[in-house]
Enquirer: 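Below you'll find the structure I mean.
Lettering of chains follows the sequences in order, A, B, ..., and the numbering in each one begins at 1.
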There are 2 protein chains.
Amino acid sequence: MNLNKYNQIYQSLSSDIVEGKYEAGEILPSEHKLLESFGVSRETVRKALNLLQENGYIQKMKGKGSVIIYNPSMNLTVSHLISFKEVQEQQEKIYTTKVYSLEKIPAEECPNVQVSLNLSDQTPIWQLIRQRLYEDKTHIIDTDYFMYDMMPGLTEEIAAGSIYEYIEERLGHKISYSQKEITFSPMTELDIELFGPVQPPYTAKVKSVVHLSDATPFQYNVSKHLASEFKFVDFSRRFTGE
Amino acid sequence: MNLNKYNQIYQSLSSDIVEGKYEAGEILPSEHKLLESFGVSRETVRKALNLLQENGYIQKMKGKGSVIIYNPSMNLTVSHLISFKEVQEQQEKIYTTKVYSLEKIPAEECPNVQVSLNLSDQTPIWQLIRQRLYEDKTHIIDTDYFMYDMMPGLTEEIAAGSIYEYIEERLGHKISYSQKEITFSPMTELDIELFGPVQPPYTAKVKSVVHLSDATPFQYNVSKHLASEFKFVDFSRRFTGE
DNA sequence: CAGTGGTCTAGACCACCTC
DNA sequence: AGGTGGTCTAGACCACTGT
């Protein structure tokens, strides 16, 4: 997959950087050298370099070149949309996923969800509650809502694995973008039941609405973390233009 | 400023969207129509459209067109690097800034800062602590560290206004990117002194290292918010490529 | 001055969607 | 078939950086 050239160049250069072939502070070969070695036009190299810059690998400087700014110590959760399973693989921490409940309910029971996913009262939706455990202790509680009609074949077994994998590979949908919201909120009774008695009785709550590439909102997710353990890392640029 | 064409087109289209000339769900004119009406080449229009997509205004769809996905209700703090003053202007909430302290100290007194800004022991740095007040109540405590040599003329008056404005307009530096980290932590004694006794005694701590466009780290900032009031909004895409 | 990245163009071919 | 966006090219001119 991803057969286009600039993506291949991006992959190639980003893995070189991650593997340490270039170190922070070094200058990447110039665009001219890169277009020669990859045998492509300049704009194609530039697309790859722009991706590297947007994702925090390099900083381009007019007249000088592209400096590597990637630092292995910076967590690579660059505020991108990745599934829990992917985060886990990056961090090499092994969590267990336990399905607490999977139910089919009418949309009207969750007004927030109904509004965000733009559904009528009686539209059936899945409500899925999962615990993420590390050494038998719950660290994250994930509550998801999906349109039932979009995935009538959902089972507890699938939910225990990667839902994203199921949606993208089995159902062939493309996940595209999301809006997240991070807040700090007091634990509910269910939170206390699943997390156990911890201090402070607060969670870091990450609410997100995930959209497919045709812009339909299809997932409403609430991910609650133990507040004391939560950390969100983000790489951002001042102006996307210029 | 920003004299290039694709930025002008981006500005033009994004303000049209924000002002409601196009509503969520509508389709933007096709690239062909846009290149005619703006009198530019296709790649130039496409650069503007890519900016709109990256910033969460539109979703492009092959074969169909560019759908407006911008929703005025979604907070426009799209995880970009903007100064406190800019956030304030967007939100139309009027905070007062009060300088609590401005001191020149050697870097070794703050090991975290020293490492992040890459300084030797004796390098002098500014330590600036500011309160952001709304109706006489402190809502945010900003602690900043800057290299002293980069801005020897810093005064409390300047610090009470916009430091970014000072750096960009007066000193002519370009602020480029930052790495943020959001955590929730118990209040320190200083926090309690400035925030007063609030429940829960926790803050949302946003730590960031800000870099100039030549990749030098120049600011270390810790922004503490009352946890119960904190909300971070983020727009993100799954793959930056494709 | 030569080398770097930034912008812009005109044209080509492709894949996708709708009619 | 005709319209849409996605990729790619070859070449041009500019602004910035170093020597």
Enquirer: Treat a base pair as Watson-Crick or G-U wobble with both distances under 3.5 Å, then lay out DNA chain D in dot-bracket form, 5' to 3', with | for cross-strand pairs.
Expert: |||||||||||||||||..

Enquirer: By ring-ring contact (aromatic ring centres under 6.0 Å, His included), which residues pair with A:Tyr166, not counting sequence neighbours?
Expert: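 If we apply the ring-ring contact (aromatic ring centres under 6.0 Å, His included) test to A:Tyr166, skipping adjacent residues, there are no hits.
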
Enquirer: Can you see if the side chain of B:Lys5 gets near the phosphate of C:dT9 - specifically, an N or O under 4.0 Å from OP1 or OP2?
Expert: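 Answer yes for this pair, as a side-chain N or O of B:Lys5 is under 4.0 Å from OP1 or OP2.
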
Enquirer: I'd like a table of atom pairs between the protein and nucleotides 10-14 of chain D - only N or O on both sides, under 3.5 Å - with the distance next to each one.
Expert:
residue	atom	partner	partner atom	Å
D:dA12	N6	A:Arg42	NH1	3.4

Enquirer: Looking at residues at least two apart in the chain, or sitting in another chain, which of them share a side-chain hydrogen bond (donor to acceptor under 3.5 Å, both in side chains) with A:Ser12?
Expert: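 None.
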
Enquirer: In whole Å, what is the span from the NZ atom of B:Lys60 to the P atom of D:dG5?
Expert: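 Going from NZ in B:Lys60 over to P in D:dG5 covers 8 Å.
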
Enquirer: Would you please classify the geometry between the A:Tyr177 ring and the A:His211 ring as parallel, tilted or perpendicular, with 30° and 60° separating the classes?
Expert: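 It falls in the parallel class, under 30°.
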
Enquirer: Does the side chain of B:Tyr6 get closer than 4.0 angstrom to OP1 or OP2 of C:dT7 through an N or O atom?
Expert: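 Checking C:dT7 against B:Tyr6, a side-chain N or O does come within under 4.0 Å of OP1 or OP2.
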
Enquirer: Does atom NZ (A:Lys60) have a neighbourhood of more than 12 heavy atoms from anything else shown, all under 6.0 Å?
Expert: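 Yes.
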
Enquirer: When you measure from the side chain of B:Lys62, which nucleotide among C:dG6, D:dC8, D:dG6 comes out closest?
Expert: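 Comparing C:dG6, D:dC8, D:dG6 against the side chain of B:Lys62, the answer is D:dG6.
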
Enquirer: Would you tell me if any nitrogen or oxygen in the side chain of B:Thr44 comes within less than 4.0 Å of OP1 or OP2 on C:dT7?
Expert: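 Indeed not, no polar side-chain atom of B:Thr44 lies that close.
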
Enquirer: More 5' along DNA chain D: B:Ser66 or A:Lys64, using each one's nearest nucleotide?
Expert: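 That would be B:Ser66.
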
Enquirer: Using side-chain contact (heavy atoms from CB on, under 4.5 Å), reason through A:Thr123 and A:Tyr148 one step at a time and then give a plain yes or no.
Expert: CA-CA 8 Å; A:Thr123 315; A:Tyr148 176 86; over 6 Å; no

Enquirer: Would you say the side-chain atoms of A:Thr183 and A:Lys207 include a donor-acceptor pair closer than 3.5 Å?
Expert: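 Looking only at side-chain atoms, A:Lys207 and A:Thr183 do not form any donor-acceptor pair under 3.5 Å.
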
Enquirer: Applying salt bridge (Lys or Arg N to Asp or Glu O under 4.0 Å), which residue pairs with at least one partner in residues 104-121 of chain B are found, sequence neighbours left out?
Expert: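 Every pair satisfying salt bridge (Lys or Arg N to Asp or Glu O under 4.0 Å) with a residue in residues 104-121 of chain B: there are none.
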
Enquirer: Just the rounded figure in Å: distance from P of C:dG6 to CE of A:Met61.
Expert: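 Value for this atom pair: 10 Å.
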
Enquirer: For DNA chain D, which residues in residues 25-37 of chain B have a heavy atom at a distance below 4.0 Å?
Expert: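 Result for residues 25-37 of chain B: B:Ser30, B:Glu31, sorted by number.
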
Enquirer: For the pair made of NZ in B:Lys47 and P in D:dG6, what is the distance, rounded to whole Å?
Expert: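 For the pair B:Lys47 NZ and D:dG6 P, the rounded distance is 15 Å.
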
